[in-house]
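Written out below as structure tokens is the structure these notes cover.
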Amino acid sequence: MYKRSYSSTTCSLIRRAASTRKPVSSSPVVAPSQPSCALNQHRSYSFLRSIPRWSHGADWKSPASLTSQIRTASPLLERLQRSFATMAADHPFNGIVTSLPKPGGGEFGKFYSLPAMNDPRIEKLPYSIRILLESAIRNCDNFQVNKADVEKIIDWEKTSPNLVEIPFKPARVLLQDFTGVPAVVDLACMRDAMNRLGSDSNKINPLVPVDLVIDHSVQVDVTRSDNAVQANMELEFQRNKERFAFLKWGSNAFRNMLVVPPGSGIVHQVNLEYLGRVVFNTDGVLYPDSVVGTDSHTTMIDGLGVAGWGVGGIEAEAAMLGQPMSMVLPGVVGFKLSGKLRNGVTATDLVLTVTQMLRKHGVVGKFVEFYGDGMSKLSLADRATIANMAPEYGATMGFFPVDHVTLQYLKLTGRSDDTVAMIEAYLRANKMFVDYDEPQLDRAYSSYLSLDLEEVEPCISGPKRPHDRVPLKDMKADWHSCLDNKVGFKGFAVPKEAQEKVAKFSFHGQPAELKHGSVVIAAITSCTNTSNPSVMLGAALVAKKACELGLQVKPWVKTSLAPGSGVVTKYLLKSGLQKYMNQQGFHIVGYGCTTCIGNSGDLDESVASAISENDIVASAVLSGNRNFEGRVHALTRANYLASPPLVVAYALAGTVDIDFEKDPIGVGKDGKNVYFRDIWPSTEEVTEAVQSSVLPEMFKSTYEAITKGNPMWNDLSVPEAKLYSWDPNSTYIHEPPYFKNMTMDPPGPHGVKDAYCLLNFGDSITTDHISPAGSIQKDSPAAKFLLERGVERKDFNSYGSRRGNDEIMERGTFANIRIVNKLLNGEVGPKTVHIPTGEKLSVFDAAAKYKAAGQATVVLAGAEYGSGSSRDWAAKGPMLLGVKAVIAKSFERIHRSNLVGMGIVPLCFKAGEDADSLGLTGHERYTIDLPSKLSDIRPGQDVTVRTDTGKSFTCIVRFDTEVELEYFNHGGILPYVIRQLITQ
């Protein structure tokens with residue numbers, strides 16, 4: 001599955017000797033008393049074929065266990081290690097390297113001790129900032145990381161308000177297949193570019209451990225069947241065989257890269273239950289685990305006390321290749337929790353409440369750190385649920401420091417006692433462990449929030465945004481308001497006389513009907529909730545009670561259960577509750593993201609026709625984290641996020657137009673009404689089920705099995721060449737044009753002259769709008785492209801599955817059927833106006849006309865532009881369409897970074913201004929006056945934008961760091977990396 005490479009410390013020292021420029025090391029030079037090559041030793045050396053093919057080497061709990069094998073493998077490496085140890089004497093913080101003793105004698109290893117700094121400012125730092133500090137100290141080489149960077153972090157209270165820049169080196173990188181395929185495509189393409197420029201293509205290899213979990217490709221084609229898992233996997237392989245073979249090629253061609261096969265689980269749940277180390281012990285050097293991932297919900301690992309967050313695929317590729325991440329030192333919001341959840345209230349109810357609070361508070365670009373007495377009342381799985389939705393509340397992280405609850409979870413999930421003892425000893429010694437049995441010192445935070453857990457009430461969120469929380473008791477009234485309200489995030493504008501419409505139809509020979517609010521999709525899906533045994537077993541208890549009372553989900557409701565790991569199946573079976581889920585139609589359909597990312601599969605034709613022909617506002621209820629319109633399914637205009645037990649309850653009710661406190665869910669077998677309270681389990685019932693059914697052995701056996709792959713994956717045959725042989729006829733994998741005409745000379749900064757407006761947007765345009773991950777619509781430019789190449793509609797697959805083909809993704813950019821472009825004067829859909837001719841065209845066709853005429857384009861937007869999932873194609877697509885700048889009220893963090901990474905200029909209107917207030921219609925031509933010399937551009941400086949109508953206005957250029965300016969100078973981050981690697 002993967003090969004081992006020579007450690008990045010080697011590369012660091014070679015480059016350090018060869019160049020005065022900053023090297024691209026992923027690892028520091030360690031203390032002289034330690035063997036060097038420390039940080040990635042467990043991934044090294046491609047010739048050790050006998051080592052088990054898994055990312056954690058011979059023993060995943062002890063990455064350093066390979067050291068003795070490595071040392072006997074090559075005398076050359078031994079000599080290099082000795083030379084590295086000599087150079088390590090130059091480490092600026094050698095004096096604080098400290099031994100960590102084992103209780104029974106000996107030592108766990110050595111570490112860079114924060115207490116040994118003897119600086120009282122460190123005692124007041126949030127725990128999340130201490131992780132950044134330790135990383136900076138350990139990686140300090142006065143090249144990539146300077147002592148001044150360390151001082152900035154220590155002085156966080158004073159420096160963070162000033163938005164200072166720091167470098168950060170994550171310990172590892174995490175990918176899923178939708179974002180992983182284009183990352184591997186880019187790496188393969190970069191190898192070709194290195195080759196064309198006369199350099200060594202083998203320089204393009206990940207220098208930090210990279211894990212890619214294939215979890216985004218399975219669709220819910222088959223439901224309500226004992227054979228659903230196998231049937232859906234077979235269809236998944238039929239659709240994605242070429243993609244999967246490409247990823248398998250990548251796992252062999254690139255060192256340091258593991259690919260976890262399809263059917264194994266959801267990336268973040270696998271990360272939580274297995275991949276997360278919490279503390280690395282690599283060749284005797286201990287340091288905190290940290291990770292960046294190309295999925296925005298990488299933050300789920302924050303619940304385990306591991307610092308992790310989502311980055312753009314472009315940033316992740318640079319991190320893989322040894323580039324330090326440049327980031328603004330964040331503010332930290334302290335969120336104090338007290339009390340405990342009331343009986344029957346779930347972690348999902350809590351996270352939706354927290355999301356609404358933090359969204360209102362404003363936490364974009366910040367860390368959120370949770371603390372307080374209430375922490376002891378939250379299970380690790382509850383914490384992970386809250387951490388998972390950090391993107392929905394806008395934070396970079398939702399961090400839970402390690403405490404006793406964390407250690408208990410590590411043992412539950414199969415980590416060894418020795419490993420857990422090492423983790424606790426290290427974190428205590430380095431002041432990164434919270435012991436709530438001891439007096440707590442006050443820590444400094446940028447701002448504060450608090451929540452009494454007893455105040456949390458059952459709720460759901462929707463119908464179009466995750467932070468639009470609706471208390472369960474208010475749901476019926478809120479639904480009727482949505483029907484009345486004008487079209488918007490909380491409105492469908494259904495005329496009063498049409499609100500009681502009933503669409504009658506025949507469902508496989510039996511009479512059926514739909515109304516506004518009828519539930520047609522009920523999906524237990526997403527790592528957000530399937531990683532949490534309490535809500536999963538709670539859902540099964542609801543199903544059991546419903547079966548016993550004689551209730552049954554209507555057969556036209558598309559029900560599905562997609563766990564995030566095989567552990568869920570094991571405890572549902574042991575509890576004896578899976579059979580009740582099956583009786584209600586919630587058969588397991590696969591192990592992946594499914595409905596949460598739009599892989600809902602088709603609705604039954606009769607249901608789809610009833611919705612379309614009668615203009616029914618149909619509903620989906622899912623246990624996911626995103627419900628933006630058009631994401632879940634094209635035919636469900638109302639989409640609600642709910643806990644798994646509530647998903648089952650709404651499936652039984654068949655509608656969201658219900659007051660669970662007053663209205664019956666249905667009629668039982670005894671002819672009496674059955675109410676919500678009759679099927680809802682108590683907290684005690686759920687706790688008993690969890691304690692008796694969730695066992696450590698389940699985790700051990702599940703992850704031992706994952707390492708063996710599955711027959712369909714193992715049978716894939718792939719070439720052994722290090723350069724990829726591109727197939728020009730492939731509709732899945734295509735060589736992108738990014739580096740075709742690249743030279744060694746950077747193109748330099750550029751302004752924008754006389755650009756037309758391609759699109760004019762309002763607020764909350766998401767990456768789902770920009771780069772849809774759902775189905776390819778039959779009349780879209782992408783569909784036309786596929787049909788012209790002989791691909792039948794049934795084989796279109798999804799946009800997400802075709803992210804490895806730039807020609808399709810360019811055509812899919814801005815192709816969301818629910819997108820609202822002001823140039824169309826209220827018309828909804830993926831079209832725009834070609835300003836010179838006045839033609840109404842698809843966005844792709846309009847962009848093609850502009851490019852053919854040599855005319856640049858810009859995009860106008862409102863607030864929160866680019867919110868939603870982390871998608872590099874939401875930046876790559878506009879770049880390929882010819883967009884040179886985006887002018888918005890505000891940007892989502894990752895998307896702004898991705899725009900910079902692709903050479904697109906992000907500009908923000910001044911506070912209080914936007915396109916409407918400035919009288920901009922989008923029919924103007926725009927000139928952006930950027931200096932032509934890089935030295936004349938500063939992060940965050942003002943620039944003037946002029947139009948051909950005589951209007952001009954001032955914007956803030958959102959290059960936030962000096963490093964981003966350098967990327968812009970090179971035409972993007974990837975050309976920058978290539979030039980750096982060649983010159984070193």
Side-chain angles (χ1 to χ4, degrees), residues 127 272 300 302-305 333-358 361 368-390 393 398-412 433-440 443 445 448-461 469 471-473 528-529 531-539 541-542 623 641-646 660-661 676-677 680-694:
Y127 287 96
L272 186 74
M300 188 171 189
D302 302 342
L304 194 67
V333 177
F335 199 125
K336 185 176 183 178
L337 299 173
S338 60
K340 68 176 183 178
L341 296 174
R342 287 181 289 154
N343 185 39
V345 175
T346 68
T348 315
D349 302 321
L350 171 58
V351 72
L352 295 179
T353 302
V354 167
T355 297
Q356 187 181 49
M357 290 178 65
L358 287 169
H361 185 75
V368 176
E369 186 166 296
F370 294 89
Y371 68 103
D373 295 339
M375 293 278 282
S376 63
K377 304 298 183 183
L378 290 180
S379 70
L380 195 290
D382 291 347
R383 299 174 182 189
T385 298
I386 296 170
N388 178 283
M389 287 191 72
Y393 45 82
F399 189 73
F400 290 81
V402 175
D403 60 11
H404 288 296
V405 173
T406 319
L407 302 180
Q408 291 166 5
Y409 181 82
L410 291 172
K411 292 180 179 180
L412 171 67
F433 186 87
V434 181
D435 190 336
Y436 286 103
D437 293 331
E438 298 176 355
Q440 296 297 301
R443 290 179 296 282
Y445 291 111
Y448 297 82
L449 281 175
S450 63
L451 174 66
D452 184 343
L453 297 177
E454 292 185 8
E455 296 175 359
V456 178
E457 58 183 339
C459 58
I460 62 177
S461 280
R469 187 181 69 92
L472 208 58
K473 66 179 187 296
T528 307
N529 285 291
S531 60
N532 194 327
S534 64
V535 292
M536 296 300 288
L537 288 165
L541 287 169
V542 171
S623 63
L641 305 182
S643 66
L646 277 177
F660 276 146
E661 289 189 359
F676 179 78
R677 57 183 173 271
W680 199 253
S682 67
T683 299
E684 289 73 21
E685 288 176 283
V686 173
T687 300
E688 182 181 344
V690 171
Q691 290 177 348
S692 62
S693 304
V694 184

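Nothing here was measured: the structure is a model prediction, and the numbers come from that model.
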Exercise for the section: Examine distances only and state if a side-chain atom of D302 and a backbone atom of G398 form a donor-acceptor pair shorter than 3.5 Å. Expected result: yes

Completion exercise
Closest non-hydrogen atoms of L453 and G339, given as atom of the first, atom of the second and distance, are CD1-O, 3.5 Å

Exercise for the section: Kindly give the heavy-atom pair with the smallest separation between A689 and S692, and that separation in Å. Expected result: O-OG, 3.3 Å

Fill in the blank from the handout: To the nearest 0.5 Å, atom NE2 of H404 lies from atom OH of Y436 at 11.0 Å

Problem - Within 6.0 angstrom of Q356 CD, more than 12 heavy atoms from elsewhere - result: yes

Problem - Near-ring test F400/Y371, centroid separation under 6.0 angstrom - result: no

Problem - OG1-CG distance between T346 and N532, expressed to the nearest 0.5 angstrom - result: 8.5 Å

Problem - Spacing of CG belonging to N388 relative to CG belonging to N529, to within rounding of 0.5 Å - result: 8.0 Å

Exercise for the section: Please round to the nearest 0.5 Å and tell me the distance separating atom CZ of R342 and atom CG of D349. Expected result: 9.5 Å

Exercise for the section: Compute the ring centroids of Y448 and H361, then answer whether they are less than 6.0 Å apart. Expected result: no

Completion exercise
Tightest non-hydrogen contact, residues T353 and C459, listed as OG1-SG, 4.2 Å

Practice task
Would you mind checking if K473 and E457 are paired as a salt bridge, meaning a charged N to carboxylate O distance below 4.0 Å?
Solution key: yes

Exercise for the section: Identify whether the distance between the nearest side-chain nitrogen and carboxylate oxygen of R383 and D403 falls below 4.0 Å. Expected result: yes

Exercise for the section: Can you see which heavy atom on P401 is nearest to which on Y127, and at what distance? Expected result: CG-CD1, 3.7 Å

Problem - Polar side-chain atom of T683 near backbone of G344 as donor-acceptor pair, under 3.5 Å - result: yes

Problem - Exceeds 12 heavy-atom contacts within 6.0 angstrom, atom CG of D435 - result: yes

Handout entry: Spacing of S534 atom OG and L341 atom CG [to the nearest 0.5 Å]
Key = 9.5 Å

Exercise for the section: Report yes or no: does T385 contribute a side-chain atom to a donor-acceptor pair with the main-chain N or O of T528 at less than 3.5 Å? Expected result: yes

Exercise for the section: Calculate, to the nearest 0.5 Å, the distance between atoms OG and CE belonging to S693 and M536 respectively. Expected result: 13.0 Å

Handout entry: Minimal non-hydrogen separation, A384 against L272, with atom names
Key = CB-CD2, 3.8 Å

Exercise for the section: Apply salt bridge (Lys or Arg N to Asp or Glu O under 4.0 Å) to E369 and R443, showing your working. Expected result: CA-CA 11 Å; E369 186 166 296; R443 290 179 296 282; 3.8 Å; yes

Exercise for the section: Search all heavy atoms of L380 against all heavy atoms of G303 and return the closest pair with its distance. Expected result: CD2-O, 3.0 Å

Problem - Expected output: side-chain Y393 to main-chain I386 donor-acceptor under 3.5 Å - result: yes

